[in-house]
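Report on one structure; see the data block that follows.
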Amino acid sequence: GSITVTARSLSLLNGGQIASNTYGAGNSGNLNIHADKILLDGQGNTTGFSVSSYNKTMVGAGDAGSISVTAKSLNLLNGGRVSSNTYGTGDAGNIDIKVEDVLIDDKGNSSTSIRSNSYNETLTQAGHAGTVSMTGDSLTVLNNGAVSSSTWGVGNSGNINIEMSKVLVDGQGNNALIRTKAYTLTQAGNAGTVSITGDSLTVLNHGEIGSNTWGIGNAGNVKINVSKILVDGQGDSAWIASNSENKILTQAGDAGVVDITGDSLTINSGQITSTTWGAGNAGNVVFNVTKVLVDGQSNGAWIASTSNNLS
């Protein structure tokens, strides 16, 4: 069944979890979390809210439920996670975050995230990942933190829809991601779209917003509708991109469209691109921006739609 938690303050630490899973034909329940303050601190261990469909072999396996989180603040640290996944033919559930202030700080652990994934690489009827939706005032993604939806098989990844006044993605020399991705070379799952709406968007120091494909599935479109946009690699690089990364397949998927709307856009040592490295087509890059500044700062800065296929 479903799980509903209502509290003033909710903390899950060091491997603590609230979960609803299915291993057979029945669906898992939904998670409904309501609190003023929520802390998910893994302290190096996987910790948090999860729903999953685990059956890898059954045709007609149950679907994972949805996750709904409503709060004033949600902090995910050092292995904290909100996740909905499928490992078989069942679909992963959607994740709906309605929180004023969200912090995702992995601290270099590489597992702190809000994510929905389709993991099955072998089934011909693998389930789809769910959509991740976030609404609130601020979203901060730091130091290997991620908001993501990915597929490893024929199931599609979900979309990511973010409506936040302020969004900061800062890799701090590692990676920090808001991204959909299709990973498997020979399966036809597509990556979903990424949509961000707000007042300010800042992507720094190996931060990335994008949709990519490694195989025959297509990458999704990336749509940004934000008043003030800064992409600053701070001596390294930072990206807003949709890419087709496979260099060997003769039927590689296409990159998507990158569509930017805003009042001002500044790119310092960063990139806004739609690129292909193989047989897939690059997508269009579309701007409707009042003021644009592109400054390579001796490291290079690009707005580009590029085919790098040399074969």
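In this structure, the side chain of S242 engages the main chain of G256 through a donor-acceptor pair within 3.5 Å. Here the side chain of S269 pairs no donor or acceptor atom with the backbone of Q234 at under 3.5 angstrom. Side-chain atoms of D63 never come within 3.5 Å of backbone atoms of N27 as a donor-acceptor pair (strictly under, hydrogens ignored). Remark: side-chain polar atoms of S20 are not paired, donor with acceptor, to backbone N or O of V51 under 3.5 angstrom. Between the side chain of N284 and the backbone N or O of V257, no donor-acceptor pair lies under 3.5 Å. The main-chain N or O of G158 is never found under 3.5 Å from a side-chain atom of T131 such that the two would form a donor-acceptor pair. Counting only distance, with no hydrogens or angles, the side chain of N117 and the backbone of T151 share no donor-acceptor pair below 3.5 Å. Side-chain N or O atoms of N21 include one that pairs as donor or acceptor with a backbone N or O of S52 at under 3.5 Å.
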Quick one, N175 with E208, criterion side chain to side chain contact (heavy atoms under 4.5 Å, CB included). Give me CA distance, side-chain angles, the key distance, then yes/no. CA-CA 7 Å; N175 294 315; E208 177 184 350; 5.8 Å; no
Can you list the steps and then say if N174 with N143 is a side chain to side chain donor-acceptor pair (under 3.5 Å)? CA-CA 6 Å; N174 292 302; N143 197 10; 2.4 Å; yes
Checking N30 against S66 for the side chain to side chain donor-acceptor pair (under 3.5 Å) test, could you report, in this order, the C-alpha distance in whole Å, the side-chain angles of both residues, the deciding distance, and whether it holds? CA-CA 5 Å; N30 302 323; S66 63; 3.2 Å; yes
Check step by step if side chain to side chain contact (heavy atoms under 4.5 Å, CB included) holds for L13 and L39. CA-CA 8 Å; L13 309 176; L39 171 63; 4.0 Å; yes
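Nearest heavy atom pair, residue G235 against residue N299, reads CA-ND2, 3.7 Å.
Contact of the V147 side chain with the I104 side chain is registered, since non-hydrogen atoms from C-beta on lie closer than 4.5 Å. Side chains of S118 and H128 form no contact here, defined as non-hydrogen atoms less than 4.5 Å apart. Side-chain contact between S148 and L177 is absent, with no heavy-atom pair separated by less than 4.5 Å. I196 has its side chain out of reach of V222: every pair of non-hydrogen atoms, C-beta onward, lies at least 4.5 Å apart. Using a 4.5 Å cut-off on side-chain heavy atoms (C-beta onward), W277 and N243 make contact. With a 4.5 Å cut-off on side-chain heavy atoms, N32 and T70 do not count as touching. Residues S244 and D254 have side chains not in contact (no heavy-atom distance under 4.5 Å, counting atoms from C-beta outward). W239 places a side-chain heavy atom less than 4.5 Å from the side chain of H206.
Considering CG of N85 and OG of S116, their distance stands at 6.0 Å, rounded to 0.5 Å. Between D36 atom CG and T6 atom OG1 the span is 11.0 Å, to the nearest 0.5 Å. Rounding to the nearest 0.5 Å places OG1 of T46 at 7.0 Å from CD of Q17. Considering CH2 of W302 and OG of S237, their distance stands at 6.5 Å, rounded to 0.5 Å.
At a cut-off of 3.5 Å, with distance as the only test, no side-chain donor of D41 or N78 sits close to an acceptor on the other residue. For the residue pair D91/T86, the side-chain donor-acceptor check at 3.5 Å is not satisfied. Judged purely by distance below 3.5 Å, without hydrogens or angles, the side chains of N45 and N14 pair a donor atom with an acceptor atom. Inspection of the S138 and D101 side chains reveals an N or O donor paired with an N or O acceptor under 3.5 Å.
Hydrophobic clustering (ILVMFWY, side-chain heavy atoms < 4.5 Å, transitive): I303 and L293 are in distinct clusters.
Each of T180, N94, T193 was scored for a side chain to side chain donor-acceptor pair (under 3.5 Å) with N159, with one residue passing: T193.
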